[in-house]
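Report on the structure given below.
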Amino acid sequence: MSLPVRKIVTLCEATRLEMGQAVTPPARRAVAAAILANPCAGRFHADLSLLTDMAAELGDLLTRRALAALGVEASAIQSFGKAAMIGENGELEHAAALLHPSLGAPMRAVLGGGKALVPSAKKMGGPGQSLDIPLGHKDAAYVRSHFDAMEIRVADAPQADEVLIAIALSPGGRPNPRVGGLVHEEIRGDDGLR
């Protein structure tokens, strides 16, 4: 691995009961996060290619880790999302450089597709702060049952010169969704919307 990764964290959860109601099958989701040195921390960089170059490798690595945590095939994934938290010696644009130009393509390659935009979030923060990774249906953005988020917090990250970058995956939507709208079984999956 050529990345300056200090730590990788994975978390997998399965919700079996919500408001006293059984969730069948359990609503499952996983996040894989990397904490790594921010090569742009401490001073302004007009060219952020150091970060965009790292993003492709991170997209592949973290997607594979989240899939492994769920223990499912890539074809089972219905929802995805990404997020980054930059330590105090960085800037918000560092998160954008990591998340947008080159992270999505390797993520989609591992998953075997994904027509919808990958929901994303970015923020500045420090050790122990929470990062919410938004989730949305990977092929049809209008599937309301899959509007969700997963939280991660790492006690010692990100430090001032670090970034915490995360990918979340789910083979389904929220527990017991019932607000209507397009459902997974009815999507066309050809335009990323419906």
Side-chain angles (χ1 to χ4, degrees), residues 1 3-16 18 23 25-36 38 51 54-87 94-96 98-100 102-114 116-139 141 143 145-159 162-175 177:
M1 181 186 309
L3 298 168
V5 173
R6 176 170 69 86
K7 182 185 283 193
I8 294 177
V9 177
T10 57
L11 173 67
C12 185
E13 62 182 40
T15 301
R16 298 175 178 278
E18 182 88 352
V23 179
R28 299 181 65 226
R29 54 192 183 179
V31 61
I35 294 89
L36 61 154
N38 179 351
L51 297 169
M54 292 187 335
E57 192 172 346
L58 285 165
D60 182 84
L61 171 72
L62 296 177
T63 304
R64 290 182 190 282
R65 292 288 178 112
L67 270 176
L70 285 166
V72 300
E73 295 294 321
S75 60
I77 297 301
Q78 294 179 14
S79 297
F80 56 16
K82 59 187 178 180
M85 183 170 15
I86 304 296
H94 296 167
L98 285 163
L99 293 175
H100 299 305
S102 55
L103 185 88
M107 189 178 178
R108 284 181 173 87
V110 172
L111 296 175
L117 288 174
V118 183
S120 67
K122 55 193 80 55
K123 69 187 275 188
M124 301 287 294
Q129 282 190 261
S130 65
L131 178 63
D132 289 328
I133 305 105
L135 284 160
H137 197 284
K138 74 177 184 65
D139 292 309
V143 179
S145 59
H146 289 52
F147 297 167
D148 201 0
M150 187 169 182
E151 180 184 72
I152 188 169
R153 73 178 68 226
V154 180
D156 65 347
Q159 295 175 10
E162 290 183 325
V163 58
L164 186 160
I165 185 165
I167 286 177
L169 303 175
S170 176
R174 293 184 312 278

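The structure displayed is predicted, hence computed values, not measured ones.
Rounded to the nearest 0.5 angstrom, Ile152 CD1 and Leu164 CG are separated by 6.0 Å. The CD atom of Glu57 sits 11.0 Å away from atom OG of Ser102, with the distance rounded to the nearest 0.5 Å. Summarising the geometry, atom CG belonging to Leu111 is positioned 9.5 Å from atom CG belonging to Asp139; distances are rounded to the nearest 0.5 Å. One finds the CD1 atom of Ile167 at 4.5 Å from the CG atom of Leu103 (value rounded to the nearest 0.5 Å). Between the OG atom in Ser120 and the CD1 atom in Ile133 there is a gap of 11.5 Å [rounded to 0.5 Å]. The distance from the CG atom of Leu99 to the CG atom of Leu51 is 10.5 Å, given to the nearest 0.5 Å.
With sequence neighbours left out, Ala14 forms a side-chain contact (heavy atoms from CB on, under 4.5 Å) with Pro26, Arg28. Listed by chain and number, the residues in a ring pair (Phe, Tyr, Trp, His ring centres under 6.0 Å) with His94 amount to none (sequence neighbours excluded). Not counting sequence neighbours, the partners of Lys7 by the salt bridge (Lys or Arg N to Asp or Glu O under 4.0 Å) test are Asp156. Ala149 pairs by the side-chain contact (heavy atoms from CB on, under 4.5 Å) definition with nothing, not counting sequence neighbours. Evaluation of the salt bridge (Lys or Arg N to Asp or Glu O under 4.0 Å) rule for Glu73 yields no partner, not counting sequence neighbours. With sequence neighbours excluded, the residues forming a salt bridge (Lys or Arg N to Asp or Glu O under 4.0 Å) with Asp60 are Arg64, listed by chain and number.
Using a 4.5 Å heavy-atom cutoff, the side chains of Ile86 and Pro158 are not in contact. Residues Ser170 and Phe80 have side chains not in contact (no heavy-atom distance under 4.5 Å, counting atoms from C-beta outward). For the pair Val163/Ile35, no side-chain contact is recorded, criterion being any heavy-atom separation below 4.5 Å from C-beta on. Residues Met54 and Leu98 meet the side-chain proximity criterion, which asks for heavy atoms closer than 4.5 Å.
Closest heavy-atom contact between Ala141 and Phe147: O-CE2, 3.1 Å. Taking each heavy atom of Leu169 and Ile77 in turn, the nearest pair found is CB-CD1, 4.0 Å. Scanning all heavy atoms of the two residues, the minimum distance from Arg153 to Ser130 falls at NH2-CB, 3.4 Å. Across all their heavy atoms, Arg65 and Ala32 have their closest contact at CB-CB, 3.6 Å. Shown here for Gly81 and Leu135, the closest heavy-atom pair between the two residues is N-CD2, 3.9 Å. Here the closest heavy-atom approach between residue Ala95 and residue Ala84 is recorded as CB-CB, 3.9 Å.
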| task | Verify side chain to side chain contact (heavy atoms under 4.5 Å, CB included) between Asp132 and Glu151, making sure each step is shown before the conclusion. | result | CA-CA 4 Å; Asp132 289 328; Glu151 180 184 72; 3.5 Å; yes
### Query
Would Thr10 and Val31 satisfy side chain to side chain contact (heavy atoms under 4.5 Å, CB included), going step by step from the backbone distance to the final call?
CA-CA 6 Å; Thr10 57; Val31 61; over 6 Å; no
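Looking at Arg174, its side chain never comes within 3.5 Å of a backbone N or O of Asp148 through a donor-acceptor pair. In terms of modelled atom types and a separation under 3.5 Å, the side chain of Lys82 and the main chain of Ile165 share no donor-acceptor contact.
Shown here is Arg16, whose CZ atom has no more than 12 heavy atoms of other residues, nucleotides or ligands within 6.0 Å.
Partner Ser79 forms a side chain to side chain contact (heavy atoms under 4.5 Å, CB included) with one of Lys138, His146, Arg29 and no other, that one being His146.
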